[in-house]
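Keep in mind that what you see is a predicted model, and the values were worked out from it rather than measured.
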Amino acid sequence: MKLITTLIVATSLVVILITIALWVPQAYPDTEKPSPYECGFDPLGSARLPFSMRFFLVAILFLLFDLEIALLLPTPWAINSPTPHTTLHLTTTILILLGLGLLYEWSQGGLEWAE
């Protein structure tokens, strides 16, 4: 009986969501909305234009701190391992190294977008 109820609720929810998605009018963005503002240059122009080194550094820093999240994600499961002290020590080491790197970048002005 629970299976039938679950299937009915799930099917009803899917039908309601599809109906709402088709019923809500489509948004037509203006010309600026789909423009490639993230990359910092016009992708349809010449490939030989000078590239902003500031944008490159900020992108690398973003990837570095994004990698930090990927490294720390399994920490809650690793705490349950037979050696939680080792896990906490390694996690603390990663956080300290990243914090020192952030302080260094900050002191060198690497986080300033405009000079």
Q. Quick one: CG on Leu63 to CD on Glu68, what's the gap to the nearest 0.5 Å?
A. 13.0 Å

Q | Considering all heavy atoms, the nearest Thr87-Ser81 contact | A | OG1-OG, 3.7 Å

Q) Which of these, Thr93, Leu97, Thr91, sits in a side-chain contact (heavy atoms from CB on, under 4.5 Å) with Leu95? A) Thr91

Q. Mind checking whether Ile94 and Leu64 sit in one hydrophobic cluster, side chains of I, L, V, M, F, W, Y counted as touching below 4.5 Å?
A. yes

Side-chain donor-acceptor contacts of residues 3-23 below 3.5 Å, not counting sequence neighbours, with atom names and distances?
{"from": "Thr5", "atom 1": "OG1", "to": "Met1", "atom 2": "O", "distance (Å)": "2.9"}
{"from": "Thr6", "atom 1": "OG1", "to": "Lys2", "atom 2": "O", "distance (Å)": "2.8"}
{"from": "Thr11", "atom 1": "OG1", "to": "Leu7", "atom 2": "O", "distance (Å)": "2.7"}
{"from": "Ser12", "atom 1": "OG", "to": "Ile8", "atom 2": "O", "distance (Å)": "2.7"}
{"from": "Thr19", "atom 1": "OG1", "to": "Val15", "atom 2": "O", "distance (Å)": "2.7"}

Q | Transitive ILVMFWY side-chain link Leu98 to Trp106, under 4.5 Å | A | yes

